[in-house]
Amino acid sequence: MKETFYITTPIYYPSGKFHIGTAYTTVLADSLKKLHQLKGEDAYLLTGTDEHGQKIQQVAEKNGKEPQVYVDEMAAIAKELWKTMEIEYDDFIQTTQVRHEKVVQKVFERLLAQGDIYKGTYEGMYCVPCKTYFTETQLVDGKCPDCGRDVVKMEEEAYFFNMKKYADRLIAYYEDHPDFIKPNYRKTEMINNFIKPGLEDLCVTRTTFDWGIPVLSDPKHVVYVWLDALLNYITALGYDSEDDTLFQKYWPANIQIVGKDIARFHLIYWPIFLMALDLPLPKTIFVHNWIMMKDGKMSKSKGNVIYPETLINRYGLDAVRYFLLREMPVSQDGIFSPEAFIERYNFDLCNDLSNLLNRTVSMVNKYFGGKVPANQTHANAIDEAFETETQEYIIEFEKKIENFEIADSLKEIWQLIARTNKYIDETAPWQLAKEEETEKLASSMYHLIESLRKIAILISPFMKDTAKNIFRQIGITDLKLQMWETLQTNIALENTQVIAQGEPIFMRRKAEEEIEYLKNMMKN
Ligand code: MSP
């Protein structure tokens with residue numbers, strides 16, 4: 001039986017436009033799915049939209065639409081973008097779907113019946129025009145953070161989830177499961193900032209608006225959006241429904257990917273809800289940082305937003321996927337700037353990767369009529385060193401990706417690319433040709449093609465089309481030779497024919513022109 005691998009992204013607030021920051025999680029999740037498939041595992045990816053709550057109701061009204069019509073349109077826009085970005089999700093959940101709502105209602109009743117949820121009084125600062133409660137800390141100069149008007153102290157009947165009861169169990173779980181939270185410093189953050197100071201019970205219903213899932217036994221209350229939304233990860237698999245085959249197969253999730261702003265909900269509330277439901281917890285929750293602009297957060301008012309479509313239309317999808325994954329460090333935010341984007345494009349993709357492919361294809365054509373010479377393992381000391389170092393880069397790549405050091409894992413692949421370029425200089429094939437050192441020349445060509453084959457395998461989860469293009473140009477048509485397990489050994493490549501005329505996969509751009517172009521696009 002194939003091993004299963006369940007990956008989730010957060011479900012997005014349906015606002016219609018995704019900037020490149022919001023696309024980061026999904027590109028990462030999709031890449032991990034493809035990586036696990038490459039390893040022969042049965043990988044399943046869930047994404048979707050988070051469609052309830054007062055804000056969404058208000059935006060729909062502003063647009064003169066019924067909320068359901070509005071969220072359906074927004075979900076369609078999200079799906080369109082994921083199609084453009086070649087995100088191969090297996091399911092797209094909308095929290096307004098009956099399959100989700102029904103289970104959330106059942107779960108609520110169960111938690112109520114077992115005493116984890118109880119009825120109490122909610123007290124807070126309320127903005128009447130915005131119909132929203134705020135905590136003291138959310139207020140800006142004592143006023144509503146949304147409209148700037150005065151707020152009043154109000155109270156109402158509400159249901160609460162007994163978080164306190166689970167605090168010790170949660171800390172013990174963190175300690176016993178070192179892989180549960182990645183990177184590790186997020187765990188310390190949760191314990192020191194939220195759990196140790198004392199977990200408050202969480203208000204899990206609202207009565208000030210009705211765009212939510214009604215509580216079955218008390219329908220003037222709707223379920224708090226986070227309790228509703230977090231459950232999507234299991235309702236999508238059919239948990240507590242007539243058909244829970246997927247749930248049985250895939251739960252607990254292997255990786256749940258979330259951005260840092262929603263870490264608290266996923267690292268504290270979510271595991272506690274699962275404990276209350278007596279369900280196993282996900283194996284790993286990976287928290288990533290944000291893609292920022294040089295002047296801070298992306299925002300329309302600052303005129304610094306960049307949309308994925310803008311970049312994809314001009315530079316191709318793989319350049320965008322590469323940039324996003326490569327520019328996000330583990331311990332701080334990644335920065336998008338037109339300069340950095342063009343530099344990565346011109347150097348990493350054109351100079352390093354595209355040129356390596358081009359030079360190799362043209363040399364195999366020139367010296368061997370396009371036919372790749374047969375396996376020449378360890379033909380001499382230079383080749384032996386190159387083979388050993390190639391395997392070291394692959395091992396490092398694996399270590400880093402397993403530890404969710406995504407940018408660093410890509411860096412390992414680019415180090416292998418640089419090492420392969422260096423191998424051309426070391427072997428100087430033009431010299432070998434002149435000196436008629438046919439065996440050494442054959443070995444050099446064999447090793448270059450073999451290295452490109454491995455590079456294409458390594459990049460394929462991140463940049464599928466580029467990998468396919470490389471395989472096509474170097475004549476690796478056998479799908480078996482594109483699989484992960486063939487990275488470990490050198491493959492005999494006889495009967496492999498490269499294409500007659502190499503095609504550049506990335507074309508060098510004039511940096512100033514492109515920077516200007518991108519700056520203009522960011523203003524619009
Ligand atoms: N609806 C909630 C999630 C509920 S999950 C049960 C939500 N939605 S969101 O649309 O606001 O954000 C979706 C994801 O995008 C979050 O993980 C968030 O951290 C991420 N990002 C938003 N802006 C981002 C960047 N600038 N950079 C990287 N990720 C960013 O939160």
Side-chain angles (χ1 to χ4, degrees), residues 7-30 46-56 59 71 74-75 77-78 81-82 85 87 89 91-96 100 103-104 107 186 204 211-213 223-237 253 255-274 282 285-300 302 304-308 311 320-321 323-330 332-337 406-407 522:
I7 311 168
T8 68
T9 75
I11 45 173
Y12 290 80
Y13 289 125
S15 63
K17 211 63 173 142
F18 289 76
H19 57 62
I20 51 156
T22 39
Y24 175 81
T25 318
T26 313
V27 168
L28 172 57
D30 175 69
L46 173 71
T47 190
T49 37
D50 181 1
E51 302 185 334
H52 290 123
Q54 187 173 22
K55 285 248 162 68
I56 288 166
V59 179
V71 295
M74 294 301 125
I77 292 174
L81 174 64
W82 300 147
M85 299 196 82
I87 305 295
Y89 58 80
D91 193 1
F92 187 104
I93 187 163
Q94 297 182 242
T95 51
T96 55
H100 174 76
V103 179
V104 172
V107 163
R186 296 283 175 196
V204 287
W211 183 243
I213 304 178
V223 178
Y224 171 50
V225 277
W226 274 100
L227 173 56
D228 161 355
L230 286 163
L231 289 169
N232 92 88
Y233 302 127
I234 53 175
T235 60
L237 296 179
I255 307 173
Q256 301 207 265
I257 306 175
V258 301
K260 61 178 182 178
D261 57 320
I262 55 173
R264 183 165 57 104
F265 298 98
H266 284 84
L267 302 179
I268 297 178
Y269 299 155
W270 178 225
I272 288 181
F273 292 150
L274 287 167
I285 299 182
F286 172 63
V287 182
H288 62 73
N289 293 299
W290 269 31
I291 300 273
M292 305 291 272
M293 306 307 267
K294 273 186 186 155
D295 52 352
K297 267 193 184 180
M298 260 175 260
S299 83
K300 266 198 173 158
K302 278 193 199 159
N304 68 356
V305 183
I306 189 95
Y307 297 109
L311 295 173
V320 181
R321 289 179 59 121
F323 182 86
L324 285 177
L325 297 171
R326 181 67 199 262
E327 283 296 318
M328 180 79 92
V330 183
Q332 70 209 68
D333 290 327
I335 307 275
F336 177 90
S337 72
I406 313 297
M522 282 157 61

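Just follow the structure's listing: the first ligand is 1, and inside any ligand the first atom is 1.
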Problem - Test log, rule side chain to side chain contact (heavy atoms under 4.5 Å, CB included), inputs Lys260 and Trp290 - result: CA-CA 7 Å; Lys260 61 178 182 178; Trp290 269 31; 3.8 Å; yes
When you pair each N or O of ligand 1 with protein N or O atoms, which pairs come out under 3.5 Å?
from	atom 1	to	atom 2	distance (Å)
ligand 1	1 (N)	Ile11	O	2.8
ligand 1	1 (N)	Asp50	OD2	2.7
ligand 1	10 (O)	Tyr13	N	3.1
ligand 1	17 (O)	Gly259	N	2.9
ligand 1	19 (O)	Asp261	OD1	2.4
ligand 1	19 (O)	Trp290	NE1	3.2
ligand 1	26 (N)	Ile291	O	2.9
ligand 1	27 (N)	Gly21	O	3.4
ligand 1	27 (N)	Ile291	N	2.8
ligand 1	29 (N)	Gly21	O	3.1

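Ile406 has its side chain out of reach of Met328: every pair of non-hydrogen atoms, C-beta onward, lies at least 4.5 Å apart.
Side-chain rings of His266 and Tyr233 approach one another, their centers coming within less than 6.0 Å. Ring pair Phe18/Trp82: centre-to-centre distance below 6.0 Å.
Rounded to the nearest 0.5 Å, atoms CZ (Arg186) and NE2 (His288) are 10.0 Å apart.
Shown here is Lys297, whose NZ atom has no more than 12 heavy atoms of other residues, nucleotides or ligands within 6.0 Å.
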